Amino acid sequence: MASNNENNPQEEIRGIENLDAQLTSAGNKLADNKKIIYWATGAVVIIGALLAGYFFLYRNPNINKSFEAYNQVEIDAAGNDSVAAVKYLDVAKKYSGTDAGKLAGLNAAEVLYNQGKYKEAIKALDGFSSGDAVLEANATILKGDCYVNTNNYAEALKCFDQAISIADRNPQIVPRVLLKEANIYDAQKKYADALKCYEQIKTEYPEFRLGGGLTIDAYIEREKARIGK
């Protein structure tokens, strides 16, 4: 039985345009569940670091202090994002190189992004690294989203390419990053490059599904039409 979108091409086109708009305006909330991934993965990192801090407390007391400072931010900020950003940045600066310092920088970047302070968010993310591929990939995507919102598409694409490499074929992350890249190419009228992104999703991630009953085939056909194929 054909879907409604198949019966009504105009509805399908509007659905594509709506999804494109969402990808462009938000940077798309990091694969739709960035914050959940941040906190879920971050909790694992925190627990591991706390255990390490316990066993090596006398060799590196700075670890324990860094996480005390990190956890104190939520108490001090009390839901005030402006205060949280400042305090997370303070922890990131004071305890740079520690897991708590890195997580503080990442949390500060997310708050700044939500406030529309994209350049400050990029600065907070500079030098971020993690032993967890999902966390690092999503941090890199957030940086790319910041560049998209400052219209620096070249740097955004670099970040998205890096995130794809870090994610190592993660089926929840890579297809959505490819959608972001395709959207940039469309904005630049580089339709052949956008087509490659959509075809890669279809070939390598056939189980990936878009919302609203849309299919990757609809995007592929649109790009082919644009380049006259």
Side-chain angles (χ1 to χ4, degrees), residues 1-41 110 113-114 118 133-149 151 153-229:
M1 182 176 178
S3 68
N4 289 336
N5 282 340
E6 290 173 336
N7 289 331
N8 191 336
Q10 291 302 317
E11 286 296 324
E12 184 174 76
I13 291 170
R14 282 195 289 271
I16 290 174
E17 291 174 346
N18 287 339
L19 184 54
D20 283 348
Q22 291 169 13
L23 286 165
T24 300
S25 64
N28 203 36
K29 292 189 178 179
L30 226 57
D32 288 340
N33 60 355
K34 169 173 58 65
K35 194 165 186 178
I36 295 173
I37 292 173
Y38 277 173
W39 286 107
T41 311
E110 184 176 2
Y113 177 87
N114 290 334
Y118 305 119
V134 172
L135 185 64
E136 185 160 357
N138 279 290
T140 307
I141 296 168
L142 178 59
K143 194 171 187 179
D145 289 341
C146 290
Y147 280 121
V148 168
N149 282 279
N151 297 317
Y153 293 148
E155 288 300 321
L157 287 169
K158 287 181 183 178
C159 288
F160 293 151
D161 282 342
Q162 185 181 358
I164 288 172
S165 178
I166 294 168
D168 192 24
R169 298 185 59 81
N170 183 304
Q172 301 302 318
I173 296 176
V174 176
R176 294 193 180 278
V177 180
L178 287 169
L179 284 176
K180 290 174 182 286
E181 290 194 337
N183 214 47
I184 290 175
Y185 290 133
D186 276 334
Q188 298 174 321
K189 301 188 185 304
K190 296 180 179 179
Y191 304 128
D193 290 326
L195 177 60
K196 290 178 183 177
C197 292
Y198 296 130
E199 289 180 333
Q200 184 178 346
I201 294 172
K202 181 176 180 178
T203 300
E204 298 181 11
Y205 303 93
E207 301 302 318
F208 178 73
R209 294 291 179 269
L210 297 165
L214 293 172
T215 67
I216 288 297
D217 287 331
Y219 281 86
I220 290 174
E221 291 307 313
R222 182 187 67 175
E223 298 309 316
K224 286 182 176 179
R226 282 172 168 174
I227 60 182
K229 280 192 174 183

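As the structure is a computational prediction, the values presented were derived from the model and not from experiment.
The minimum heavy-atom distance linking A137 with A163 is given by the pair O-CB, 3.8 Å. The minimum heavy-atom distance linking A167 with V174 is given by the pair CB-CG2, 3.9 Å. Closest of all the heavy-atom pairs between C159 and T140 is O-CG2, 3.2 Å. When all heavy atoms are compared, the tightest approach of P175 to N170 is CD-O, 3.8 Å. E204 and P206 make their closest contact through C-CD, 3.4 Å (heavy atoms, listed as atom of the first residue, atom of the second, distance).
Q172 CD to E207 CD: the interatomic distance, rounded to the nearest 0.5 Å, is 11.0 Å. For the atom pair SG of C146 and CD of E110, the computed distance is 10.5 Å after rounding to the nearest 0.5 Å. Residue I201 holds its CD1 atom at 9.5 Å from CZ of R176, rounded to the nearest 0.5 Å. Note that the OG1 atom of T215 and the NZ atom of K202 stand 8.0 Å from one another [nearest 0.5 Å]. Taking CD from E221 and CG from L195, the interatomic distance works out to 9.0 Å, rounded to the nearest 0.5 Å. Rounded to the nearest 0.5 Å, atoms CZ (F160) and OG (S165) are 15.0 Å apart.
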Checklist line | Evaluation steps, side-chain contact (heavy atoms from CB on, under 4.5 Å), between L210 and Y219 | finding: CA-CA 11 Å; L210 297 165; Y219 281 86; 3.4 Å; yes
Next item on the list: Step by step, work out the side-chain contact (heavy atoms from CB on, under 4.5 Å) result for I184 and Y147.
Entry: CA-CA 11 Å; I184 290 175; Y147 280 121; over 6 Å; no
Next item on the list: Decide yes or no on side-chain contact (heavy atoms from CB on, under 4.5 Å) for Y198 and Q200, but give the supporting numbers first.
Entry: CA-CA 5 Å; Y198 296 130; Q200 184 178 346; over 6 Å; no
Note to self: Show, in sequence, the C-alpha distance, side-chain angles and deciding distance for I173 and I166, and conclude whether the side-chain contact (heavy atoms from CB on, under 4.5 Å) test is met.
What the structure shows: CA-CA 10 Å; I173 296 176; I166 294 168; over 6 Å; no
Next item on the list: For R222 and D217, run salt bridge (charged side-chain N to carboxylate O under 4.0 Å, His left out): C-alpha distance rounded to whole Å, both residues' side-chain angles, the deciding distance at 0.1 Å, then the answer.
Entry: CA-CA 9 Å; R222 182 187 67 175; D217 287 331; over 6 Å; no
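Annotation: salt bridge (Lys or Arg N to Asp or Glu O under 4.0 Å) contacts of K224 (sequence neighbours excluded): none. The salt bridge (Lys or Arg N to Asp or Glu O under 4.0 Å) test applied to E223 returns R226, not counting sequence neighbours.
Inter-residue side-chain proximity for P171 and F208 is flagged as unmet; no heavy-atom pair is nearer than 4.5 Å. The shortest distance between side-chain heavy atoms of L157 and Y185 falls below 4.5 Å.
Using a distance-only test at 3.5 Å, with no hydrogens or angles considered, no donor-acceptor pair links the side chain of N183 to the main chain of L179.
With Y205 as the aromatic partner, R169 meets the cation-pi criteria of under 6.0 angstrom to the ring centre and within 45 degrees of the ring axis.
Between E155 and K158, at least one side-chain N (NZ, or NE/NH1/NH2) sits under 4.0 Å from a carboxylate O, which counts as a salt bridge.
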